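Everything below concerns the one structure shown next.
In this text, all values refer to a predicted model and were calculated from it rather than measured experimentally. Below, all heavy atoms of this structure are taken into account, side chains as well, without hydrogens, waters or symmetry copies.
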Amino acid sequence: MQKKEYYSIGEASDLCHISKKTLRFYDKIGIISPDKISPENLYRFYERKTLLSVPIIKYYKQMGFKLEEMKEAMDGNTYDVCEKSFRNKIEELTKIKDEIFIMHTSVKDWYDLILEAKNVIENRVNEVAVKYIDCSDYCFMEQSFDYDFMALIINIEWTNYIESIENAITGPVIIYFPSFEDRISGKSDTVRIVQKTIRECKPSQTMKLGGYIVASCYHIGSHESIDSAYEKIRRWARAHGYELGVESYERYVTDYWTTSHQEQFVTEIMVKLLRK
């Protein structure tokens with residue numbers, strides 16, 4: 001558009017790629033006002049210099065500033081005002097970024113578990129396999145256990161604990177049993193609930209999991225019938241000359257959190273392999 005002394009609101013709208021309605025609203029709240037208003041028909045006219053504020057406003061919007069915040073920063077127009085305004089916005093956006101990271105991580109990890117469970121069910125992946133577990137830190141809490149799996153997995157005390165240390169959990173619930181023999185004989189009365197956290201934990205709040213080879217077996221169905229997977233692991237170890245460790249881990253891929261259909265529950269049982 002050819003440069004001229006004044007631009008009508010329609011011309012300003014075309015020039016700046018902004019609606020006339022928005023220009024009127026900016027005038028109403030005092031961000032951009034017309035330089036001349038025709039007394040005959042109240043038409044608005046803008047100098048090009050005035051319209052140079054539009055790119056600045058668009059960039060403020062890109063940075064996440066609200067209109068009232070833009071007005072304060074633009075009216076102040078000093079380093080001190082801008083510094084304070086930008087510092088506050090950085091703090092605000094950092095908090096939003098952290099919240100979005102937690103949400104994205106939580107959704108992505110749960111989504112991956114659903115895909116894993118679908119693959120296990122559709123392909124009947126329920127034979128014993130040898131796998132290496134990478135060593136990693138997990139948050140944990142000791143708990144008494146009365147074989148109420150629903151209360152163990154959807155765990156009020158665990159949720160409260162995670163909130164108390166100002167953290168967030170993600171990924172599958174994992175239960176550590178000091179003795180898998182006690183687990184399948186109904187004698188386990190104390191377990192550890194183990195789970196990944198999104199923020200780093202204090203050393204006293206974590207335990208190491210992994211750094212060794214395990215016998216892994218997926219179980220499809222109710223938690224009350226998991227004993228069959230343990231028996232499968234024991235038979236496999238004897239047949240292949242492996243010695244099993246004492247403790248075990250149950251990694252709940254899908255459970256009460258995901259579905260009410262227990263026949264679709266998928267649990268991975270892991271028992272450490274000592275030697276062959």
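Between Phe65 and Phe86, the distance separating the two ring centers is shorter than 6.0 angstrom.
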Mind running side-chain contact (heavy atoms from CB on, under 4.5 Å) on Lys118 and Thr254 for me, showing each step along the way?
-> CA-CA 9 Å; Lys118 285 185 65 178; Thr254 49; over 6 Å; no

Assess whether side-chain contact (heavy atoms from CB on, under 4.5 Å) is satisfied between Glu224 and Phe149, documenting all intermediate values.
-> CA-CA 8 Å; Glu224 281 69 26; Phe149 285 94; 3.7 Å; yes

Using the side-chain contact (heavy atoms from CB on, under 4.5 Å) rule, take Asp14 and Tyr7 through it: C-alpha gap first, then chi angles, then the decisive distance, then the call.
-> CA-CA 10 Å; Asp14 292 339; Tyr7 296 86; over 6 Å; no

Between Gln205 and Tyr161, does a side-chain contact (heavy atoms from CB on, under 4.5 Å) hold up when you go through it step by step?
-> CA-CA 10 Å; Gln205 299 165 346; Tyr161 172 66; 3.4 Å; yes

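The CD atom of Gln195 sits 9.0 Å away from the SG atom of Cys139 when rounded to the nearest 0.5 Å. The OH atom of Tyr138 sits 10.5 Å away from atom OG1 of Thr197, with the distance rounded to the nearest 0.5 Å. To the nearest 0.5 Å, atoms CG (Asn167) and SG (Cys201) are separated by 4.5 Å. Between atom CZ of residue Phe145 and atom CZ of residue Phe177 there is a gap of 4.5 Å, rounded to the nearest 0.5 Å. Within the model, atoms CD1 of Ile96 and NZ of Lys89 stand 7.0 Å from one another, a figure rounded to the nearest 0.5 Å. Between atom CD of residue Glu11 and atom CD1 of residue Ile9 there is a gap of 11.0 Å, rounded to the nearest 0.5 Å.
Side chain to side chain, Thr170 and Lys108 fail the donor-acceptor criterion of an N or O pair below 3.5 Å. A donor and an acceptor atom, one from each side chain of Glu181 and Ser179, are nowhere located under 3.5 Å apart. Side-chain contact, Asn88 with Glu69: no donor N or O sits under 3.5 Å from an acceptor N or O. With 3.5 Å as the limit, one finds no donor-acceptor pair spanning the side chains of Trp158 and Gln143. Inspection of the Ser225 and Ser222 side chains reveals no N or O donor paired with an N or O acceptor under 3.5 Å.
Contact check for Trp236 versus Tyr242: side-chain heavy atoms found under the 4.5 Å cut-off. At least one side-chain heavy atom of Arg124 sits less than 4.5 Å from a side-chain heavy atom of Ile220. Here the side chains of Val194 and Ile175 are not in contact, with every heavy-atom distance at 4.5 Å or above. Using a 4.5 Å heavy-atom threshold, the side chains of Arg44 and Lys20 count as separate. Residues Phe180 and Ile233 have side chains not in contact (no heavy-atom distance under 4.5 Å, counting atoms from C-beta outward). Side-chain atoms of Lys36 and Tyr43, non-hydrogen and from C-beta on, never get closer than 4.5 Å to each other. Between Val253 and Pro172, the closest side-chain pair of non-hydrogen atoms is not below 4.5 Å. Counting heavy atoms from C-beta on, the side chains of Tyr6 and Asp35 come closer than 4.5 Å.
Pairs engaging residues 248-264 under the salt bridge (Lys or Arg N to Asp or Glu O under 4.0 Å) rule: Glu116-Arg251, Arg183-Glu250, Arg251-Glu268 [sequence neighbours left out].
Leu23 approaches Ser13 most closely through the heavy-atom pair CD1-N, 4.0 Å. For the pair Ile121 and Gln264, the tightest heavy-atom approach, listed with the atom from each and the gap, is CD1-O, 3.6 Å. Here the closest heavy-atom approach between residue Val214 and residue Lys272 is recorded as CG1-CA, 4.1 Å. Nearest heavy atom pair, residue Arg48 against residue Leu15, reads NH1-CD2, 3.9 Å. Nearest heavy atoms, Glu247 versus Val271: O-CG1, 3.8 Å. Residue Thr50 comes nearest to Ser33 through the heavy atom pair CG2-O, 3.6 Å, listed as atom of the first residue, atom of the second, then distance.
Hydrophobic cluster membership is shared by Leu152 and Ile226, with clusters built from Ile, Leu, Val, Met, Phe, Trp and Tyr side chains linked at under 4.5 angstrom. Both Val191 and Val173 sit in one connected hydrophobic cluster of ILVMFWY residues. Membership requires side-chain heavy atoms under 4.5 Å apart, directly or through other members. Two different hydrophobic clusters hold Phe101 and Ile162 under the rule that ILVMFWY side chains link at heavy-atom gaps under 4.5 Å. A chain of hydrophobic side-chain contacts below 4.5 Å, direct or via other Ile, Leu, Val, Met, Phe, Trp or Tyr residues, connects Ile133 to Met207. Both Ile174 and Phe140 sit in one connected hydrophobic cluster of ILVMFWY residues. Membership requires side-chain heavy atoms under 4.5 Å apart, directly or through other members.
Without hydrogens or angle criteria, Thr206 side chain to Pro203 main chain gives a donor-acceptor distance under 3.5 Å. In this structure, the side chain of Ser85 does not engage the main chain of Cys82 through any donor-acceptor pair within 3.5 Å. At least one donor-acceptor pair under 3.5 Å links the side chain of Trp257 to the backbone N or O of Ile153. Between the side chain of Lys97 and the backbone N or O of Glu92 there is no donor-acceptor pair closer than 3.5 Å.
Using a 4.0 Å cut-off between a side-chain N of Lys or Arg and a carboxylate O of Asp or Glu, Lys95 and Glu91 do not qualify as a salt bridge. The existence of a salt bridge linking Asp80 and Lys84 is excluded, since no basic side-chain nitrogen approaches an acidic carboxylate oxygen closer than 4.0 Å. Salt bridge status for Glu68 with Lys71: absent, with no side-chain N to carboxylate O gap under 4.0 Å.
Environment of OH in Tyr132: crowded, with over 12 heavy atoms of neighbouring residues, nucleotides or ligands closer than 6.0 Å. Phe25 CZ: 12 or fewer foreign heavy atoms inside a 6.0 Å radius. The environment of Lys58 atom NZ is dense: over 12 non-hydrogen atoms of other residues, nucleotides or ligands sit within 6.0 angstrom. By the neighbour-count criterion of 12 heavy atoms within 6.0 Å, atom CD of Glu200 is sparsely surrounded, having that number or fewer from other residues, nucleotides or ligands.
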